[in-house]
Structure formats: C-alpha cells, structure tokens
Amino acid sequence: THNLPPGLEYLNQLDRIIIHQQVDLLEAILGTETSSKYEIKNHLGQRVYFAVEENDCFDRNLCSPIRSFTIRIADNMGQEVIRVIRPLRCNSCWFPCFLQKLEVQSPPGTVAGYVVQNWDPFLPKFTIQNQSKEDILKIIGPYATCGCFEDVDFEVKALNEMTTIGKISKYWSGFVNNAFTNTANFGIEVPVDLDVRMKAVMIGACFLIDLMFFENSLDGL
C-alpha cells in the first residue's frame with residue numbers, strides 16, 4: 001500500500017462505493033442550477049470522501065449537461081485526494097470526433113486515468129484508460145436510461161465486452177426525492193482487487209454518466 005496515491009488507501013478495501021448528491025434547497029425551490037456537492041460512502045453508509053463541483057454560473061445554467069467542470073474530492077480531513085476534470089465537449093453521436101473525455105488525477109496534478117466516450121449509434125459506451133492511455137475496461141449502458149421506476153445499470157466489462165465484472169447503477173429512490181430535488185444516488189460495484197487508481201477513475205465515470213444522462217431527467221418519471 002505504500003505505492004498507492006495518498007488518500008486512496010481506503011479504496012483498496014472497497015468493492016462497492018455509494019455516491020449521494022446533497023440537496024441544495026435554493027436549486028430545489030427556484031430551479032437555479034448551483035454547484036453540485038456529493039458524499040462518497042462505503043457500503044455501510046459511512047462517508048469516505050466528499051466532493052464539490054467547480055465551474056461558473058454560465059456553464060451551469062446554459063451548458064448544463066455538457067458543461068465543463070472540475071470536481072475536487074477530499075477525504076474526511078479536508079485533504080484533496082482526487083481531481084476530476086471535464087472539458088466542454090459534444091454530447092451527440094453525430095459528432096464522433098469530439099465526444100466526451102474526462103481526466104482523473106490522483107494525487108491532484110498526477111494523472112490516474114481517463115474516461116473516453118466511444119461512438120455508438122444506439123448504446124452509451126465508454127472506455128476506462130490508465131495514465132498511459134492504455135485501455136483497461138469498458139462501460140456499456142442500456143439503450144434507454146429513463147429507468148421507469150427502477151435502477152439503471154451501466155455494466156463494467158472486460159475489453160472483449162463479453163465478461164461483466166461490475167456495474168455503475170443509478171438508483172431510483174422515489175418520486176418525492178427525485179422529481180422535486182433531482183438528487184443523484186449512484187452505486188459503483190467493482191472487484192475489490194481492482195487497482196485503486198481505476199476505482200478513482202470509476203468515480204469520475206460516475207459523475208460523467210450523471211451529467212450526460214440524468215442531469216435534466218426526472219429519473220424515470
């Protein structure tokens with residue numbers, strides 16, 4: 001563990017990560033887009049990290065689902081351990097040369113890996129890459145992400161896309177919680193022995209999936 005990025009030692013023990021978006025009352029009441037804040041927890045509901053999105057009012061309100069952002073993830077001592085950077089890019093399968101790409105750093109300033117959107121006319125597809133931009137895993141979502149009163153699963157697969165090793169799930173948690181506050185609740189399930197850097201990249205992938213597919217949805221309603 002002495003070779004792990006500082007602050008990621010705890011991820012070494014986890015095979016399930018919960019991401020819960022904190023409710024912003026101003027956004028819920030007025031409909032004004034504010035900076036997102038998240039708690040990242042273990043399977044027991046204990047907070048491991050907290051995350052804050054940084055961008056400006058223009059990005060949040062006019063470019064909402066495709067907005068650029070920096071998400072800073074800190075441990076319970078307030079030390080930043082992961083940084084997620086998303087540039088402003090296209091969100092359409094008709095522009096395959098400018099699809100989504102997200103960089104995850106851990107520690108901040110040192111690349112841990114990337115999430116790269118793959119062109120597909122029907123399914124959401126992404127590749128998880130390491131710091132050398134070598135392909136490590138695939139993420140494949142469903143044809144429809146509306147949910148219809150149930151969880152939405154994005155499967156984590158081996159590079160051959162045949163073997164499923166985990167998933168990123170958008171949890172449906174009820175009409176009142178989702179329709180009126182539009183909060184995000186996600187679960188990440190991966191092998192416990194997956195490199196902690198790739199677990200950090202999975203957290204970044206979860207944020208990207210949330211913004212691309214659920215930012216303006218009513219979560220299946």
Completion exercise
The reported gap from NZ in K157 to NZ in K125 (rounded to nearest 0.5 angstrom) is 9.5 Å
Practice task
Indicate whether any N or O donor in one side chain lies under 3.5 Å from an N or O acceptor in the other, for R197 and N130.
Solution key: no
Handout entry: Considering all heavy atoms, the nearest I188-I203 contact
Key = CD1-CA, 3.8 Å
Exercise for the section: Kindly state whether the ring of Y38 and the ring of F207 have centres lying under 6.0 angstrom apart. Expected result: yes
Exercise for the section: Check whether any side-chain heavy atom of I82 lies under 4.5 Å from a side-chain heavy atom of I71, and answer yes or no. Expected result: no
Practice task
Please report the shortest heavy-atom distance between I128 and V201, naming the atom on each side.
Solution key: CG2-CG1, 3.8 Å
Exercise for the section: May I ask you to decide if the ring planes of F214 and F154 are parallel, tilted or perpendicular, using 30° and 60° as cut-offs? Expected result: perpendicular
Practice task
Go through the side-chain N and O atoms of T127 and N118 and say whether any donor and acceptor fall under 3.5 Å apart.
Solution key: yes
Exercise for the section: Look at R72 together with E54 and state whether they make a salt bridge at an N to O cut-off of under 4.0 Å. Expected result: yes
Handout entry: From CA spacing to verdict: salt bridge (Lys or Arg N to Asp or Glu O under 4.0 Å), R86, E103
Key = CA-CA 7 Å; R86 179 202 193 189; E103 178 181 302; over 6 Å; no
Problem - Distance in Å, K133 NZ paired with Y114 OH, rounded so as to fall on 0.5 Å steps - result: 4.5 Å
Practice task
Examine the side chains of Y10 and D75 and answer whether a donor and an acceptor come within less than 3.5 Å of each other.
Solution key: no
Practice task
Identify whether the distance between the nearest side-chain nitrogen and carboxylate oxygen of E155 and K167 falls below 4.0 Å.
Solution key: no
